[in-house]
Enquirer: 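If you scroll down you'll find the structure; I have some questions about it.
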Amino acid sequence: MPLKGHPIGPPCRVDREQGFFVPERAGVNDMDKTWNPRTRAVHAGTRRSQYGEVSEAIFLTQGFVYDSAEQAEARFIEAGPDEFIYARYGNPTVAMFEERIAALEGAEDAFATASGMAAVSGALTAMLRAGDHVVSARALFGSCLYVLEEILTRYGVDVTFVDGTDLDQWQAALRPDTKAVFFESLSNPTLQVVDIAGVSELAHKVGATVVVDNVFATPVWSNAIAQGADVVIYSATKHIDGQGRALGGVILGTKQFIRKTVEPYMKHTGGSMSPFTAWVMLKGLETLDLRVRAQTSNATALAQALAGHGKLEQVIYPGLPDHRQHALVQRQMGQGGTVLSIDIKGGKAAAFRFLNAIQVGVISNNLGDAKTILTHPATTTHQRLPDDQKTALGITPGLVRISVGIEDESDLVEDILNALDKA
Ligand SMILES: Cc1ncc(COP(=O)(O)O)c(C=O)c1O
């Protein structure tokens with residue numbers, strides 16, 4: 001019986017001799033490349049079994065059965081496309097997620113990981129050796145900073161930190177032995193913007209690999225690879241899931257880097273994504289664009305409503321014309337994204353009064369979610385930092401990060417303004 005395959009991409013391949021499931025590898029093929037990103041996010045990478053399921057199948061299996069001992073031996077020597085061995089090495093549902101996000105980002109390949117931090121630490125550790133030099137922006141999420149400052153240095157990697165917004169500092173820190181540069185394109189939580197094209201140009205002159213944590217910028221507003229990055233990382237826990245269900249991450253880059261550098265490291269150290277998580281993330285990708293646009297629209301409205309508010313020292317939102325890097329944001333993202341930070345007059349006590357008065361949003365520490373999430377970085381995500389570093393990074397006692405959700409705009413604005421009255 002002829003089987004229905006992908007409606008646009010290549011059809012499902014059927015092994016007539018085996019008589020059952022042989023999925024078609026529908027990765028970043030020529031067909032996918034002609035689709036626009038919103039179409040790729042829904043369809044790219046789809047594999048269908050003989051049942052022609054609409055929603056992607058979850059292959060919740062740790063391993064795969066071989067027809068013979070010879071086949072097992074051959075697969076361990078070299079696994080072909082759609083030949084799987086063990087879930088830590090790869091899995092059909094995970095492969096669908098990897099191919100879909102690679103197509104969305106215009107990357108040659110991707111490796112899905114158990115969390116965003118497995119992606120950050122995996123990408124860096126897989127490529128670096130004792131004696132290598134790394135230049136990193138200092139404004140980083142607490143765990144990213146820990147990996148750079150505490151872990152890599154423990155294994156003999158020399159790390160220089162710079163103000164990521166200052167191209168002169170990048171230029172001065174780069175050396176002939178610099179192997180990698182690392183930065184968050186939009187930093188957590190103070191929303192500093194790093195010039196991806198500018199830093200990439202400087203880094204490539206010394207042959208360094210540019211690794212960008214693009215979580216805050218999102219795949220919708222930022223295509224870091226097109227702007228010069230070599231490796232792009234997402235915590236899929238954030239906008240890609242976007243509904244607070246699962247931890248996950250992904251590393252994107254060239255086929256050579258992903259399959260020859262990242263895959264051997266990840267598959268032997270155990271940071272791979274589970275098939276169930278990959279399925280959650282595939283479903284998340286389908287609605288990513290809609291959610292991120294709605295969140296950005298709400299974030300813009302909220303930032304505008306809060307600008308100049310008497311209870312605030314400042315509103316930090318890259319989409320506001322008074323953001324000090326507004327021109328760069330426009331060039332790099334075109335939009336201000338889904339997160340804003342506000343610095344409440346009266347420090348920690350006022351910030352806590354504000355948070356405790358919130359009704360629509362929730363106090364938590366994730367971001368990129370359909371629900372508005374409010375975080376006090378100084379006492380949670382960045383608590384570990386000494387006070388002088390917090391001050392240097394602008395993480396003041398009154399700072400509250402607001403990851404804006406998809407709720408009704410007027411409910412959200414009203415709630416935040418009411419809570420500010422109580423701050
Ligand atoms: C910028 C950034 N990178 C990486 C991560 C880590 O992601 P995960 O929590 O999925 O490990 C986070 C999490 O908050 C983050 O904000």
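Numbers for residues simply follow the sequence, beginning at 1. Worth knowing before you read on, the calculation uses all heavy atoms, side chains too, and leaves out hydrogens, waters and symmetry mates. Start at 1 and go down the list; that is how both ligands and their atoms are numbered.
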Enquirer: Among all the protein's non-hydrogen atoms, which is closest to atom 16 (O) of ligand 1, and how far away is it?
Expert: Asn188 ND2, 3.0 Å
Enquirer: Would you mind listing which atoms of ligand 1 come within a distance below 4.0 Å of any non-hydrogen atom of Glu184?
Expert: 1 (C)
Enquirer: Could you walk me through whether Thr218 and Tyr234 pass side chain to side chain contact (heavy atoms under 4.5 Å, CB included), step by step?
Expert: CA-CA 8 Å; Thr218 80; Tyr234 287 103; 5.6 Å; no
Enquirer: Applying a 4.0 Å heavy-atom criterion (strictly less than), which segment of Cys144 is in contact with ligand 1: side chain, backbone, both, or neither?
Expert: side chain
Enquirer: Under 3.5 Å, N or O to N or O, is Met117 touching ligand 1 that way?
Expert: yes
Enquirer: Can you sort out which atoms of ligand 1 are near Ser115, meaning under 4.0 Å from one of its heavy atoms?
Expert: 10 (O), 11 (O)
Enquirer: So which heavy atom in the protein is nearest atom 9 (O) of ligand 1, and how far is it from that ligand atom?
Expert: Lys238 NZ, 3.4 Å
Enquirer: Is a side-chain donor-acceptor pair under 3.5 Å present for Thr372 with Glu407?
Expert: yes
Enquirer: Please determine whether side chain to side chain contact (heavy atoms under 4.5 Å, CB included) holds for the pair Ile344 and Leu312, giving the CA-CA distance in whole Å, both sets of side-chain angles, and the decisive distance to 0.1 Å.
Expert: CA-CA 5 Å; Ile344 302 177; Leu312 298 178; 3.8 Å; yes
Enquirer: May I ask you to decide whether Lys260 forms a salt bridge with Glu108, counting only side-chain N to carboxylate O separations under 4.0 Å?
Expert: no
Enquirer: Check each atom of ligand 1 against the heavy atoms of Asp213 and keep those under 4.0 Å away; list them by number with element.
Expert: 1 (C), 2 (C), 3 (N), 4 (C)
Enquirer: Answer with yes or no whether the side chains of Thr277 and Arg245 bring together a donor and an acceptor at under 3.5 Å.
Expert: no
Enquirer: Hydrogens and angles aside, do Ser222 and Asn214 bring a side-chain donor and acceptor to less than 3.5 Å of each other?
Expert: yes
Enquirer: Between Arg293 and Gln335, does any side-chain donor sit less than 3.5 Å from a side-chain acceptor?
Expert: no
Enquirer: Can you tell me if Gly249 has a non-hydrogen atom under 4.0 Å from ligand 1?
Expert: no
Enquirer: Which of the numbered atoms in ligand 1 are below 4.0 angstrom from a heavy atom of Thr237?
Expert: 8 (P), 10 (O)
Enquirer: Any atoms of ligand 1 less than 4.0 Å from a non-hydrogen atom of Gly248? List them with their elements.
Expert: 10 (O)
Enquirer: Can you find a side-chain donor-acceptor pair between Ser410 and Glu414 that sits under 3.5 Å?
Expert: no
Enquirer: Which ligand 1 atoms does Phe216 reach within 4.0 Å, using its non-hydrogen atoms?
Expert: 16 (O)
